[in-house]
Amino acid sequence: MKLSNRFTLWYVLIATVVLLTGSGIMFYQVRHQIDVAQHARQERIHTSIAKRLVRDGGVYNAVPSDYGATVQALPLGETPASTEITKECVTDWCVEQQHEVCKLAMYSAAEADGRWFGISTRMSIVPSEDILASVAKSFVWMAVLLLVLMFVFIKLVAARILAPFERTLTAIDGFDIKRGRPVQLPDTGTREFDRLNHFVGQFTEKAITDYRSLKEFSENTSHELQTPLAVIRAKLEMLMATDLKPEQAESISDMHRAVEKLARINRSLVLLAKLENREFTPEKDICLTTAVNDSLRSFAELMEMKGIALRTAVDPDVRMALHPALTDVLLSNLISNAIRHNMDDGSIAVQLDRRSLTVTNTGRPPQCPPDQLFGRFKKGNPECMSAGLGLSIVKQICDLHGFAVDYNYSSERHVLSVRFGKGGERNTKEPRPVTELEPVLG
Amino acid sequence: MRRWKPWNSTSPDAMMKVLIIEDNRELSGTVQDYLQREGYICSVAATCDEASDRLASFTYDAVLLDLMLPDGNGLSLLKDIRARNKEATVMITSAKDALDDKVHGLESGADDYLTKPFHLSELHARLRAIYRRKHLGGGNEVRFEEIAVDPDNRLAKVADRALDLTAKEFDLLLFFLVNKDRVLSRQSIAEHLWGDYTDTLPNFDFVYQHIKNLRRKITAAGGQDYITTQYGLGYRFTADRT
């Protein structure tokens, strides 16, 4: 839900509650005030009549301001039941209007000239329903006005007030730690937004410095490791050339193997670090068809030895912007991966068109979840002596070029496909229908 | 005129003068030791200054150049070397594995680029190959007993009978001949044959397969089997089968 909508919703809720209670209060207040005023008015009439009866010696002379009050003389010597003023509400039938009217009837007694008089008045009052109706009507108008203004406010004013916030969000969204540019935003004039922008600026700057130092650390470590590794390797090779007892030879062989593995991991990590740092840019227009064919040719011997059958469906002249050395690394990683995780007398199918490159190979199912295979040091087959960095290198290279890469395993086949996305669509004429690759039998 | 007889390290005119520019003393020492045993004459420089001094005073056939030196970048030395010593073979040995660096180094006049950590046998093979290419032109055969290999035309013969070798088998044979009498680990062979990024290389059974095929082809052509297995270490190409 949008922030402005959330505000509107709450405002509408609050406005409804306020308007409803407000109209209730107003209704009772208005009715009460009208009643009080009417009573006071009628009481004034009663007092005035009583005074005039005393003044005129028991004779009642009606005046217009008495509003048709009736004065009745009680029989001599009789006293009224109560000398207090009594009131009651009655409904009369108004003959002229053919309508029921509410009236306030008031009775009182007054003594003049030695006898008692009963005074009664009947005056129309505004009925409660009428008050309620008009109060409700005015409140409905107020509500309508409020809502309309609220919507206009949200649409026009809130958008303007929240614009710096939107800008901040866009800036955070576009922040790329690898590009090393902290988020910097202009002053907004709103204290909260300025604080937010200040924080965002500080955080991104901190993140960039941390990232950079971590990156430098891992890079330097990898680099610094290369020379000692070279020393160990060289010394071991010198040792190998000397006369050795079998046990010594075995130890040296083990050490050598370990150093080799270390060297390989380190080299892959250096490459990965460089890929992550975006030190390569896909600059050259490369014929992928040629690259795939060359790469396949260089692995042909290995495939032959393992008795792996190769099927290819490679479109001619697929070209796109790539980094030449990375293309080699990508292809050789994909193909050698397909060879390594294959079985004897298995098969590999390589398919290339303008949209994708797919390498399919037979093999045992992977031992870890497919989505983890692109992580570092993840191996589909734990016995394998590789470090498990091959596919993360593939992933990084694909990321760098804006390609999507995914893996799945079905019917005893590993399928790795690289989809070129918009980079590959550039030279598209008519995409060739994807041919089903026949499984190789035997 | 041949200045040295290739692949025969015992011959006095096989002396190739090499300058090792490397700030790590242990590494330069080991490389020096190794190359001296192969019949090279080696000097070591640990800094750019030292290297400049040496380059100004002596002529070298080959220079091993580390890029990251305490007092500067090795690439700046390249121009120096090229100015004074046009003939010298320059091989960059760097811990920096940047592919772009490699290209840059080669563009600025280096002959080859080896990434640390490298195999000494690989270094030796590369030095020989470059040197041969630059100084001797074509037509130089590498001989070992009855085996003759012509690297330029990629021909191999056993007692004048041509061997039908695949490209990899040929490279393997040449690698053995260059490093004869030395133990070659399967890793160094694999890297020599398949290049960098062998992390993804299928395991070393392939090396074994190639060696088996090579042995079979040589003996089938009437040659002796000079390849011996050294415990778990690797293989050695030697006439002295003890």
Side-chain angles (χ1 to χ4, degrees), chain A residues 222-238 240-241 244 246 248-250 252-254 256-257 259-260 262-268 270-271 274 279-280 298 301-302 305-306 323-326 328-329 332-337 339-340 342 384-387 389-390 393, chain B residues 22-31 33-34 37 66 68 93-100 102-103 115-121 123 166-169 181-188 190-191 193-206 209-210 213 230-234 236:
Chain A
S222 296
H223 278 149
E224 290 306 315
L225 279 175
Q226 301 281 65
T227 307
L229 274 173
V231 174
I232 299 173
R233 196 191 237 183
K235 296 267 181 205
L236 279 176
E237 278 175 21
M238 294 294 281
M240 278 185 192
L244 294 171
Q248 290 171 325
E250 207 171 298
I252 288 175
S253 171
D254 289 347
H256 193 257
R257 209 170 300 134
V259 169
E260 292 300 325
L262 208 57
R264 264 200 325 270
I265 291 172
N266 200 45
R267 187 173 290 196
S268 299
V270 171
L271 178 66
K274 292 198 176 300
E279 284 182 25
F280 306 100
S298 68
E301 266 180 319
L302 295 180
M305 274 183 207
K306 238 184 152 179
H323 188 284
L326 293 186
D328 283 351
V329 175
S332 62
N333 274 357
L334 281 176
I335 297 169
S336 57
N337 206 54
I339 296 174
R340 187 171 26 185
N342 221 312
C384 199
M385 67 168 288
S386 78
L389 287 170
I393 291 177
Chain B
E22 163 67 60
D23 61 328
N24 186 303
R25 296 271 174 200
E26 284 163 53
L27 186 61
S28 58
T30 317
V31 173
D33 197 10
Y34 183 91
R37 285 191 206 180
D66 183 16
M68 290 197 284
T93 56
S94 174
K96 277 176 119 179
D97 191 22
L99 300 162
D100 290 335
K102 200 175 258 186
V103 174
T115 310
K116 281 181 198 170
F118 47 81
H119 291 279
L120 291 171
S121 46
L123 172 69
T166 64
K168 289 274 187 282
E169 284 161 5
D181 293 327
R182 289 217 168 262
V183 179
L184 295 178
S185 63
R186 279 178 298 240
Q187 289 89 345
S188 66
E191 260 186 53
L193 294 185
W194 286 284
D196 288 347
Y197 303 108
T198 38
D199 177 45
T200 53
L201 189 82
N203 58 48
F204 297 115
D205 291 348
F206 297 113
Q209 277 287 347
H210 273 97
N213 291 348
Q230 296 294 117
Y231 316 115
L233 291 177
R236 182 150 74 149

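A note on names: the letters A, B, ... follow the listed sequences, proteins ahead of strands, and every chain is numbered from 1. We use all heavy atoms of the structure for the numbers below, so side chains are in, but hydrogens, waters and symmetry mates are not. Being a predicted model, the structure only gives us computed values, none of them experimental.
What you find for B:Pro117 and A:Ala263 is that their closest heavy atoms are CG-CB, 3.6 Å. Here the closest heavy-atom approach between residue B:Lys116 and residue A:Gln226 is recorded as O-NE2, 3.0 Å. Nearest heavy-atom pair across A:Ala234 and B:Leu120 is O-CD1, 3.5 Å. Residues B:Glu26 and A:Lys235 come closest through the heavy atom pair O-NZ, 4.1 Å.
In this structure, NE2 on A:His256 lies 10.5 Å from CZ on B:Arg186, to the nearest 0.5 angstrom. Here B:Thr30 contributes atom OG1 and A:Met238 contributes atom CE; the two are 7.0 Å apart, rounded to the nearest 0.5 Å.
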Open item on the list: Let's go through B:Glu22 and A:Thr227 carefully: what are the C-alpha distance in whole Å and the side-chain angles of both, what is the deciding distance for side chain to side chain contact (heavy atoms under 4.5 Å, CB included) to 0.1 Å, and is it a yes or a no?
Closed with: CA-CA 10 Å; B:Glu22 163 67 60; A:Thr227 307; 4.3 Å; yes
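For the side-chain hydrogen bond (donor to acceptor under 3.5 Å, both in side chains) test, residues two or more places apart in sequence or in another chain that qualify with B:Ser185 are B:Ser188. For B:Thr93, there are no side-chain hydrogen bond (donor to acceptor under 3.5 Å, both in side chains) partners two or more places apart in sequence or in a different chain.
If you tally non-hydrogen atom pairs under 4.5 Å between each of B:Val183, B:Asp66, B:Asp23 and chain A, the highest count goes to B:Val183.
Contacts of A:Leu244 with chain B are made by both backbone and side-chain atoms, with heavy-atom separations under 4.5 Å. Contacts between A:Glu250 and chain B at a heavy-atom distance below 4.5 Å are absent for every atom of the residue.
Between B:Arg182 and A:Met240, the closest side-chain pair of non-hydrogen atoms is not below 4.5 Å.
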